[in-house]
Amino acid sequence: MAESGSTNPKSPSVVPDSTLGGLKRDLRNYHDGDDSNNLSIKKSKTTKMENNCREIVPLDVTPLSIVPPDTPKLSRQFWKAGDDDEAAPVPLYCSNDAAVRVHPQFLHANATSHKWALGALAELLDNSLDEVSNGATYVHVDSTINKRDGKSSILIVEDNGGGMNPSTFRECLSLGYSRKRNMANRVGQYGNGFKTSTMRLGADAIVFSRSRGINGNNPTQSIGMLSYTFLYETRKCEAIVPTVDYELVDNKWKEIVYNSTNEWLDNLETILRWSPYLSQQDLLDQFNHLEEQGTRIVIYNLWEDDEGKMELDFDTDPHDIQLRGVNRDEKNIDMAKTYPNSRHFLTYRHSLRSYASILYLKRPDNFRIILRGEDVEHHSVLDDMMKIEEKTYKPMRSPEWPDQEEVLPYLTLVSLFIILKHSQKFLLCFQKILQMVASLKLGFVKDAHHHIDIQGFNVYHKNRLIKPFWRVWNAAGSDGRGVIGILEANFIQPAHNKQGFERTVVLAKLESRLVTHQKNYWSSRCHEIGYAPRRKQKNYESSVTETPRPFNNINVVKGSSSSTPVPVRVFRPNVEPSGRNQIPQVETRERSFDINPEIGAKNRSYYGLGISSFKETGSVNLEAELQKVKQESAKLVSELQRQKQLLELQLQESKAKIQNLEKAQREKEVLELQEASDVIDGLRKQVDTFKGKRIL
């Protein structure tokens with residue numbers, strides 16, 4: 001992302017500073033003064049002629065040909081903010097070079113990946129939780145009033161993590177860069193969450209971050225503004241992020257200047273013009289909330305709905321942030337009061353407090369989520385369940401997992417030498433195999449006796465809730481009601497917005513397996529919560545004999561010259577697919593068979609004769625199929641026996657090689673021992689000879 005203050009210095013009098021993570025700055029460009037609020041006087045951009053002492057002062061007049069038209073206003077409705085008015089002026093001219101630029105509208109287009117505002121807020125909570133390894137003990141989400149206009153609300157997300165130095169601060173504001181891609185137990189990997197989440201919640205965001213000095217370096221603090229309003233209404237043709245940095249020197253915060261003082265002051269002036277803060281001191285006062293380290297994100301110009309009301313509701317509950325519109329269902333809110341064990345299912349769509357309480361499967365004991373001054377209590381959906389059953393889910397192999405030929409030699413342990421030679425590869429494959437296994441817990445919600453329509457699986461990925469109450473079985477009627485479950489699926493990659501998984505074959509198989517588990521659980525235990533007992537569909541099928549397809553002409557007696565078509569009716573119960581406990585309907589099918597009338601004896605009828613011939617034909621076909629299956633089974637058994645013999649032969653050869661090596665090793669050790677003994681005997685003889693000579 002382009003910035004108005006480039007981090008590439010043009011002056012040769014610069015030195016690298018490890019404190020700033022590789023950034024270079026001019027050490028001479030500190031602004032001294034007793035008051036850090038005093039801005040350095042911006043030098044006028046004038047030039048002097050070499051042969052004349054007169055200064056050439058630029059005229060404070062804009063040529064008529066480039067007078068800008070009326071400034072366009074950005075819509076405060078999120079889904080309309082990306083539409084540019086045809087009457088609006090085109091963006092200002094940019095230099096014609098080969099650099100790839102990020103257009104300001106990309107900030108809005110990128111944020112549309114979040115259809116749900118609470119999902120965007122969860123991204124910011126994830127970033128704070130990731131800072132636990134850097135000392136974070138809390139994240140506080142709060143709101144306050146914008147001092148610039150005195151009425152609009154702003155959203156604040158603050159944590160006391162390690163903060164960011166100027167280098168990592170710019171990485172955070174850059175699109176697509178992520179240090180978490182290869183870190184264990186980190187869901188973020190695309191480097192896009194901070195930008196999409198802030199721009200989804202409001203048109204503008206300003207970030208304050210303080211990092212304590214490590215390895216003897218000085219502490220730093222940075223301010224950066226990601227403002228869609230600024231870029232849109234000033235008609236910028238590329239995304240510019242004004243940023244200013246400070247360093248603690250002699251207990252005073254000094255400005256860090258990279259290229260020029262004018263450039264630093266331009267960035268500060270832009271931030272003051274388009275942020276909720278009116279002076280440099282107001283900006284610096286925000287760091288008082290962070291103490292020694294941390295990050296404070298302020299989101300303002302929050303988006304509005306079609307009725308002109310803010311999408312985020314700060315008024316209904318003073319200790320919660322809720323949503324208006326389609327995510328809010330008043331009927332569910334009333335039901336949550338009546339059925340407390342189902343309240344998270346009924347309220348997570350509109351309440352941040354409800355959603356944040358189940359957002360993580362496990363939360364660190366020393367980490368707090370504070371929402372508007374009150375802690376969010378961690379809640380496990382497992383506490384809302386009864387009659388719990390645990391299943392082990394092991395997905396089928398996918399293309400990204402190790403091939404069968406790669407894993408099989410290690411699993412069969414055919415050769416000890418192969419394992420020793422490829423031990424590291426074996427451990428990696430074994431680790432992947434362990435990640436394929438997941439534990440599924442399912443049961444009835446404790447309010448299931450009331451027969452309310454609550455069901456679904458909470459699917460987590462690396463401790464983070466990705467699919468809340470995923471409804472996999474959409475059965476007609478009451479089937480499946482009350483069944484909920486928990487699963488941590490680390491073998492599936494989440495989507496960019498962390499509100500779903502990438503649609504892959506592995507996900508489709510998981511969904512199918514979850515449907516099967518829910519159907520089996522429901523059909524076997526639904527009577528325990530007051531529903532009528534269900535019988536599985538296969539019970540109907542097993543009680544009905546599948547009749548083979550009849551032939552058109554059946555000649556019962558050989559040599560008969562005539563045949564009379566006689567209708568034969570085959571009765572087959574029509575089983576309902578859902579397998580409910582209902583009286584099966586009877587389907588009548590009429591088929592004509594050519595039966596010789598001369599065969600009709602006293603004790604037989606045409607109908608009975610047709611059915612008996614039909615059964616005889618079916619039995620012949622069945623015997624042929626059984627014979628075919630037996631032959632294939634015999635072939636399979638013989639092939640398995642052959643493979644077993646080969647494996648036994650290989651195992652014997654491996655044992656023989658091991659024995660030979662052990663024998664050779666023992667012989668070698670015996671020889672070495674004998675040689676050592678000979679050397680010792682020789683030395684002893686030399687010592688004895690020396691002693692004898694000495695005595696003489």
Side-chain angles (χ1 to χ4, degrees), residues 118 317 319-320 322 327-363 369 371 374-393 438-460 463-489 511 513-534 578 580-581:
L118 294 187
D317 189 338
H319 298 295
D320 194 8
Q322 300 185 0
N327 293 289
R328 186 181 184 87
D329 191 334
E330 297 297 335
K331 184 184 296 184
N332 286 346
I333 296 175
D334 294 336
M335 288 178 62
K337 300 176 182 177
T338 307
Y339 308 111
N341 295 299
S342 305
R343 67 183 186 277
H344 292 89
F345 175 89
L346 298 169
T347 59
Y348 83 93
R349 290 293 306 175
H350 77 276
S351 169
L352 178 61
R353 179 169 294 275
S354 176
Y355 178 51
S357 64
I358 60 174
L359 184 60
Y360 304 106
L361 190 60
K362 296 178 182 178
R363 191 192 299 174
I369 297 179
L371 180 55
E374 188 173 291
D375 280 28
V376 176
E377 297 295 334
H378 177 258
H379 181 79
S380 175
V381 180
L382 198 64
D383 297 336
D384 297 331
M385 296 165 58
M386 62 180 181
K387 306 181 186 299
I388 300 173
E389 291 184 5
E390 187 170 356
K391 308 286 184 180
T392 299
Y393 176 73
S439 177
L440 168 65
K441 296 179 179 65
L442 73 161
F444 285 113
V445 67
K446 292 179 180 178
D447 296 320
H449 294 287
H450 300 284
H451 298 179
I452 55 179
D453 189 11
I454 292 177
Q455 60 173 299
F457 293 88
N458 276 10
V459 186
Y460 291 80
N463 196 48
R464 164 69 146 80
L465 180 60
I466 303 297
K467 295 280 287 186
F469 297 102
W470 184 20
R471 186 168 184 147
V472 296
W473 184 21
N474 296 306
S478 60
D479 285 11
R481 284 188 178 182
V483 180
I484 60 177
I486 299 176
L487 173 69
E488 186 174 17
E511 183 177 4
R513 188 68 62 86
L514 292 178
V515 171
T516 301
H517 285 312
Q518 186 177 0
K519 286 183 177 179
N520 293 338
Y521 183 88
W522 165 262
S523 60
S524 62
R525 309 194 66 166
C526 64
H527 61 280
E528 299 179 14
I529 57 172
Y531 290 96
R534 262 64 167 175
S578 62
R580 298 189 182 185
N581 189 18

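If you're wondering where the values come from, they're calculated on a predicted model, not measured in any experiment.
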Leu442 side chain reached by Leu487 side chain, heavy atoms, under 4.5 Å: no
Should Glu389 and Lys387 count as an ion pair when the cut-off is N to O under 4.0 Å? no
Distance alone, cut at 3.5 Å: any donor-acceptor contact between the side chains of Glu390 and Ser439? yes
Just by distance, do the side chain of Arg525 and the backbone of Trp522 share a donor-acceptor pair under 3.5 Å? no
For a side-chain hydrogen bond (donor to acceptor under 3.5 Å, both in side chains) with Ser351, tell me which candidate from Asp320, Asn327, Asp317 qualifies. Asp320
Output, in order, the C-alpha distance, side-chain angles, deciding distance and verdict of side chain to side chain contact (heavy atoms under 4.5 Å, CB included) for Leu440 and Phe457. CA-CA 9 Å; Leu440 168 65; Phe457 293 88; 3.9 Å; yes
In terms of side-chain geometry, is the basic nitrogen of Arg353 or Glu377 positioned less than 4.0 Å from the acidic oxygen of its partner? no
Give the ring-plane orientation class for Tyr521 versus Phe444, where under 30° counts as parallel, over 60° as perpendicular and anything between as tilted. tilted
Just by modelled atom types, is the Ala438 backbone N or O under 3.5 Å from a matching donor or acceptor in the Glu488 side chain? no
Just wondering, do Leu346 and Ile333 contact through their side chains at under 4.5 Å, heavy atoms? no
Just say parallel, tilted or perpendicular for the rings of His379 and His344, cut-offs at 30° and 60°. parallel
Donor-acceptor contact below 3.5 Å, side chain Asp447 vs main chain Asn341: yes
Has Asn458 got a side-chain atom pairing as donor or acceptor with Phe469's backbone, closer than 3.5 angstrom? yes
Using the salt bridge (charged side-chain N to carboxylate O under 4.0 Å, His left out) rule, take Glu511 and Arg513 through it: C-alpha gap first, then chi angles, then the decisive distance, then the call. CA-CA 5 Å; Glu511 183 177 4; Arg513 188 68 62 86; over 6 Å; no
Hey, does Arg363 have a side-chain heavy atom less than 4.5 Å from the side chain of Ile369? yes
Tell me whether the centres of the aromatic rings in Tyr393 and His517 are closer together than 6.0 Å. no
Side chain proximity check, Ser342 to Ile452, heavy atoms < 4.5 angstrom: yes
Polar side-chain atom of Lys441 near backbone of Met385 as donor-acceptor pair, under 3.5 Å: no
Could you tell me whether His378 and Tyr360 have their ring centroids closer than 6.0 angstrom? no
Check Asp479 with Arg534, please: is the shortest side-chain N to carboxylate O separation under 4.0 Å? yes
Arg471 side chain vs Gly456 backbone, donor-acceptor pair below 3.5 Å: no
